Amino acid sequence: MLVVMNAGATPEQIEAVADKVRELGYDPHVMPGKTRTAIGITGNRGPEGREALLIMPGVEDVVRITVGYKLVSRETQPESSVFSIAGTSVGDGFTMIAGPCSVENEKMIIESARFLTEQGVKLLRGGAFKPRTSPYAFQGLGIEGLKLLAKARDETGVGIVTEVLDVESAAAVEEYADVLQVGTRNMQNYALLRRLSIARKPVLLKRGMAATVEEWLLAAEYIMAGGNRQVILCERGVRTFADHTRNTLDLSIVPVVQHLSHLPVIIDPSHGTGRAEYVPAMSRAALAAGAHGLIVEMHPDPRTAMSDGQQSLDFAAFAEMNVSLRPLADVLGIVMK
Ligand code: PEP
Ligand code: MN
């Protein structure tokens, strides 16, 4: 259920409703909106308590939410969510996140951060803890990688997006990162999602490689249910019969997600295609489809990359792609961030 307060409801009236929800044995989630506050209710099985809430001062209506992902749903919050992150924002324009697949050494991550800042990019990606298909492949520099990312931030002011692989390393990643990335293989790691639900940093939740939209939004609900409102969804391609690209980039999920949820959705064209030469076209397609941004792999020398070199743009290709997005954004009236 969702309690919709009057536009003029006082903080005391809102608190009284939250108290009443707790008294009924449910969890209140106070969600301030532009014009009015709503209070999402989770933990209830049906509309029990509706009448008692309806007669409280300041309450406009109490409505049933028909989907399982209550807090993620646009029924609960009609306005799109916008998150302020490291001097930029996600959800109110087209936000570029770029950087190498993995942090490999100090030189390459600082060089990447410098180049991206010159390009106007405010968020740097780079994995310190890597989920690799083979146990023998490079697993990332771990804490050392996090420290190098922090150094890149100190030197350039760029915000850091990096993957959190497990509950054990969550505290360390949370200390260094500005955005906590959950990889496709972990979308249904519920212990990890619960841990991130109490994190104070935004979470970038990649879609599982075989996840339906409902499974994805329910994974986001795990994070929101624990109190973390800042979830950014990321489509990175799914497994299909098609083998001409590494994955099948499902751009059609963008309008679907925007219909069902208020959360921002961004696109990863690098893992989506697996080949650098296809990344610019799919990036422009993502912008045209209404996505809120991109997360793109880029490397100073993709031929020597320790992971995902084939799908990483070099500096020149990244700059060219960035330039090609601008006129399209202008035509569409979208602000590039
Ligand atoms: C990555 O971003 O480098 C990564 C491992 O992505 P995914 O979880 O989408 O495979
Ligand atoms: Mn990668």
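Source: prediction; values computed, not measured. Note that ligands are numbered from 1 as they come in the structure, with each ligand's atoms numbered from 1 the same way.
- Distances from ligand 1 to the non-hydrogen atoms of Gly127 include no value under 4.0 Å.
- Closest protein heavy atom to atom 4 (C) of ligand 1: His271 NE2, 3.4 Å.
- Centred on the Mn ion (ligand 2), the angle running from Cys101 (SG) to His271 (NE2) is recorded as 170°, rounding to 10°.
- Ranking the protein heavy atoms by distance from atom 6 (O) of ligand 1 puts Lys206 NZ, 3.0 Å first.
- The backbone N or O of His271 sits less than 3.5 Å from a side-chain atom of Asn247, completing a donor-acceptor pair.
- For the pair OD2 of Asp308 and OE2 of Glu297, the angle whose vertex sits at the Mn ion (ligand 2) is 120° to 10 degrees.
- Between Asp154 and Lys151 there is no salt bridge, since no side-chain N of the basic residue sits under 4.0 Å from a carboxylate O of the acidic one.
- Between Lys70 and Asp27 there is no salt bridge, since none of the side-chain N atoms of the basic residue sits less than 4.0 Å from a carboxylate O of the acidic one.
- Protein heavy atom nearest atom 2 (O) of ligand 1, with residue, atom name and distance: Arg125 NH1, 2.8 Å.
- Annotation: Thr184 places an N or O atom under 3.5 Å from an N or O atom of ligand 1; distance criterion only.
- Less than 4.0 angstrom separates some heavy atom of Cys101 from each of these atoms of ligand 1: 3 (O).
- Those atoms of ligand 1 with a heavy atom of Gln181 less than 4.0 angstrom away are 1 (C), 2 (O).
- Using a cutoff of 4.0 Å between basic side-chain nitrogens and carboxylate oxygens, Glu118 and Arg114 are not scored as salt-bridged.
- Look at Asp250 and Arg207 and you find a salt bridge, because one of the NZ, NE, NH1 or NH2 atoms lies within 4.0 Å of a carboxylate O, short of that distance.
- Using a 4.0 Å cut-off between charged nitrogen and carboxylate oxygen, Arg153 and Asp178 count as a salt-bridge pair.
- Shown in contact with Glu297 at under 4.0 Å from a heavy atom are these atoms of ligand 1, numbered in order with element: 1 (C), 3 (O).
- Geometrically, ligand 1 and Lys130 share a nitrogen or oxygen pair separated by less than 3.5 Å.
- The N/O atoms of Arg236, backbone and side chain alike, include one that comes under 3.5 Å of an N/O atom in ligand 1.
- Sorted by first then second residue, the side chain to side chain donor-acceptor pair (under 3.5 Å) pairs that include residues 284-294, not counting sequence neighbours, are Arg284-Ser324.
- Taking every heavy atom of Gly183 and a limit of under 4.0 angstrom, the matching atoms of ligand 1 come to 8 (O).
- A perpendicular orientation is assigned to the rings of Phe318 and Phe115, their planes being inclined by more than 60° (bins at 30° and 60°).
- With a 4.0 Å heavy-atom cut-off, ligand 1 is reached by no atom of Met209.
- Taking 4.0 Å as the cut-off between side-chain N and carboxylate O, Arg125 and Glu297 count as a salt-bridged pair.
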